[in-house]
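Order of listing sets the numbers, starting from 1, for every ligand and every atom in it. Bear in mind that the values here come from a model prediction, so they are computed numbers and not experimental data.
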Amino acid sequence: MASLFEPYDLAGHRLTNRIVMAPMTRSRARENDVPNEMGALYYRQRACAGLIISEGTPISREGQGYLFNPGIYGPDQIEGWKKTTRAVHERGGLIFAQTWHVGRVSHTSIQLNGQAPVSSTAKQGGMAFGYNDEGRPDMLAASTPRALETHEVKRVVGDFAQAAVNARMAGFDGVEVHGANGYLFEQFLNAELNDRSDEYGGSRENRCRLLLEAIDASIEKIGAHRVGVRISPYGQLFDMPAYDDTEATYLHLAAELNKRHLAYVHIMDQGAQGQEAMPREFLRKFRDAYEGTLLFAGNLDKQEAQKLVDEGTIDLPVFGRPFTSNPDLVERMKNDWPLTPFDPDTFYGGDARGYVDFPTYQEEQERRARFGEG
Ligand SMILES: Cc1cc2nc3c(=O)[nH]c(=O)nc-3n(C[C@H](O)[C@H](O)[C@H](O)COP(=O)(O)O)c2cc1C
């Protein structure tokens, strides 16, 4: 049986262990959405993970739905990310960038020239983090989007390809195309929401087309072994309606992804985000349909992760919230040391507090000893 703490060959990348850190938006790039030193320190602290997937990084201003997300489209952003990738590599870690377009989950106050966000449709849904009427940062209902014209869809595909090139320039080991959580790609995949009549709407093949084109364009630029994709089948985050063709849509996607020999496919179960959980039978079906490395995130602990790996349901378990408050999560799990509970109040925005000030277990012990507590 494979231990979580043994190395894993991910399409030629040597992971020192099977523990993956989930992509997590932390909204701390307050200076022009440029990745900063504090972000580099945050990732450096967590480089014990076999693989880190960065927070969602917008591929364009159009693709941004929240203030203070570090992007991957401007030269300053590419320079900024170099601090992070260098820091992670110095500790022997690996890091992929999660390339992200939010689609309709945005607000006119953060779009260029106050334009409407774009989507597969003109139907409104979701919450964005933009400026309110008083000009203050605030959670707001997303603005009504406009449906992308067919030729514009090709331009978005090009933006993903450029983001892959930029990610490599910034020193990332690869990209994870963000096809999950109600953002642009799900707005196309979803049979109920997507009301297009061009080649990107209607049939299963057409609804999957945009995601596959963005993946293919990324592969063409940086190679399949450097491209992964995240999906969240059955997810309803940001007002995604349930639809009958869900299982068939994602199994079709699995068959298509088999042809592409990606670094990995990453499934996220939104049950951990207060949504309805993904049926476990579906995970098994996807496993049977998909031949490559499969990552899975959603409420895992060490025992459940080991069980899913042992039974062959997944290859690499992904941990999100536990990594926020346990920079040395791998060591803690390996030694069965207690975990520090995470703090949802400091997930998004703010400063160093709740971000880079969580000690490792050993630092905690030293502090206790020094102050005579332990
Ligand atoms: C603060 C926070 C930010 C997140 N940001 C992202 C993100 O940028 N991209 C993404 O795909 N998922 C995001 N997620 C979801 C996580 O990647 C992960 O799937 C989720 O937290 C479930 O894993 P967990 O139960 O181990 O925390 C975020 C979750 C949290 C808690």
Side-chain angles (χ1 to χ4, degrees), residues 4 19-29 33 35 39 42-43 46 49 51-59 63-72 95-103 105-106 126-129 139 163 175-186 211 228-238 240 264-278 283 294-305 308 314 316-326 329-330 332-333 339-350 354-355 358:
L4 300 183
I19 312 287
V20 179
M21 175 170 154
M24 282 181 290
T25 293
R26 306 302 305 271
S27 303
R28 280 166 167 90
D33 310 316
Y42 164 77
Y43 286 109
R46 288 156 181 78
L51 172 69
I52 294 177
I53 303 162
S54 82
E55 62 207 280
T57 177
I59 58 157
Q64 185 157 354
Y66 308 90
L67 292 167
F68 317 135
N69 289 168
I72 190 78
I95 180 164
F96 274 40
Q98 191 184 49
T99 49
W100 187 21
H101 190 308
V102 298
V105 187
S106 186
M127 297 290 287
F129 186 52
M139 280 310 284
V175 297
E176 174 179 283
V177 177
H178 192 348
N181 294 351
Y183 298 117
L184 183 72
F185 293 115
E186 269 200 3
L211 178 55
V229 60
R230 189 175 223 207
I231 52 176
S232 50
Y234 294 90
Q236 295 190 23
L237 209 55
F238 296 130
M240 297 305 291
Y264 64 82
V265 171
H266 181 179
I267 291 190
M268 169 179 165
D269 177 2
Q270 291 176 356
Q273 314 295 120
Q275 305 285 314
E276 205 155 307
M278 190 184 79
L283 183 59
L294 188 60
L295 277 62
F296 177 77
N299 255 337
L300 292 180
D301 58 17
K302 176 180 163 180
Q303 284 67 29
E304 178 70 3
L308 289 171
I314 66 170
L316 302 176
V318 184
F319 296 84
R321 293 163 297 177
F323 257 117
T324 62
S325 46
N326 298 277
L329 185 66
V330 176
R332 288 189 192 234
M333 290 202 299
L339 300 188
T340 304
F342 49 79
D343 172 21
D345 291 343
T346 52
F347 278 169
Y348 303 104
Y355 187 50
F358 284 104

Ser106 side chain vs Gln64 backbone, donor-acceptor pair below 3.5 Å: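 Flag set: sc Ser106 to bb Gln64 pair under 3.5 Å.
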Does Asp345 offer a backbone N or O that forms a donor-acceptor pair with the side chain of Asp343 under 3.5 Å? yes
Parallel, tilted or perpendicular: which one describes the rings of Tyr355 and Tyr42, with boundaries at 30° and 60°?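 Answer is parallel, since the angle falls under 30°.
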What residues sit with at least one heavy atom under 4.0 Å from ligand 1? Ala22, Pro23, Met24, Thr25, Gly56, Gln98, His178, Asn181, Arg230, Met268, Ala272, Gln273, Ala297, Gly298, Asn299, Phe319, Gly320, Arg321, Pro322, Phe347, Tyr348
With ring centroids as reference points, do Trp100 and Phe185 lie under 6.0 angstrom apart? no
Apply side-chain contact (heavy atoms from CB on, under 4.5 Å) to Asp269 and list each qualifying residue two or more places apart in sequence or on a separate chain. Ala277, Met278, Phe296
If you define the side chain from C-beta out and look only at heavy atoms, does anything of Arg26 sit under 4.5 Å from Thr324? yes
